[in-house]
Amino acid sequence: MATISSIVKKHLDAMVAEAGETGYKREEVGRTLMSFVIQIYRETRSVDDISEELRYVMSNLDPDQDYTFMRP
């Protein structure tokens with residue numbers, strides 16, 4: 001059974017490859033995808049809720065960051 005992550009990853013890889021073939025950078029794909037994700041979120045979520053999620057994502061960008069709930 002396919003997971004949502006595997007489905008999205010498959011399509012993301014294809015988008016990045018196709019965009020690269022036409023001269024677009026990976027970052028441009030990411031930026032464009034983010035705008036579409038926001039559109040999807042706005043269909044059912046409030047601006048405050050979306051903003052809170054984006055703040056959470058931004059706060060957790062560093063993969064080496066320790067979190068207070070983590071044990072050493």
Side-chain angles (χ1 to χ4, degrees):
M1 181 172 114
T3 65
I4 190 65
S5 292
S6 67
I7 294 167
V8 171
K9 179 73 168 113
K10 175 179 72 173
H11 292 284
L12 174 63
D13 291 343
M15 285 185 283
V16 168
E18 183 177 350
E21 291 169 3
T22 57
Y24 294 102
K25 297 177 182 177
R26 293 174 62 87
E27 292 82 8
E28 293 172 290
V29 175
R31 186 179 316 109
T32 303
L33 279 172
M34 194 173 346
S35 70
F36 284 110
V37 168
I38 299 298
Q39 286 179 9
I40 290 171
Y41 281 173
R42 291 187 69 178
E43 292 173 5
T44 58
R45 297 171 67 178
S46 71
V47 171
D48 288 342
D49 187 41
I50 297 166
S51 295
E52 184 61 34
E53 179 155 346
L54 294 174
R55 278 191 290 277
Y56 175 82
V57 170
M58 290 182 330
S59 295
N60 293 289
L61 287 174
D62 184 356
D64 297 324
Q65 177 181 350
D66 289 331
Y67 301 99
T68 55
F69 65 85
M70 296 177 88
R71 295 182 185 169

### Task
Give me the one residue out of Ile40, Thr44, Ile38 that meets side-chain contact (heavy atoms from CB on, under 4.5 Å) with Arg42.
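Exactly one candidate clears the test, Ile38.
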Return all side-chain donor-acceptor pairs below 3.5 angstrom for residues 7-17, not counting sequence neighbours, or 'none' if the list is empty.
from: Lys9; atom 1: NZ; to: Asp13; atom 2: OD1; distance (Å): 2.6
from: Lys9; atom 1: NZ; to: Asp13; atom 2: OD2; distance (Å): 3.4

### Task
Starting at CD1 of Ile50, measure out to CD of Gln39 and round the result to the nearest 0.5 Å.
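The CD1 atom of Ile50 sits 11.0 Å away from the CD atom of Gln39.
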### Query
For Arg45, what residues pass the salt bridge (charged side-chain N to carboxylate O under 4.0 Å, His left out) criterion, not counting sequence neighbours?
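In terms of salt bridge (charged side-chain N to carboxylate O under 4.0 Å, His left out), with neighbours along the sequence ignored, Arg45 is linked to Asp49, Glu53.
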### Query
Does the distance from a Lys or Arg side-chain N to an Asp or Glu carboxylate O, for Glu28 and Arg31, drop under 4.0 Å?
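Between Arg31 and Glu28 there is no salt bridge, as every charged N stays at least 4.0 Å from the carboxylate O atoms.
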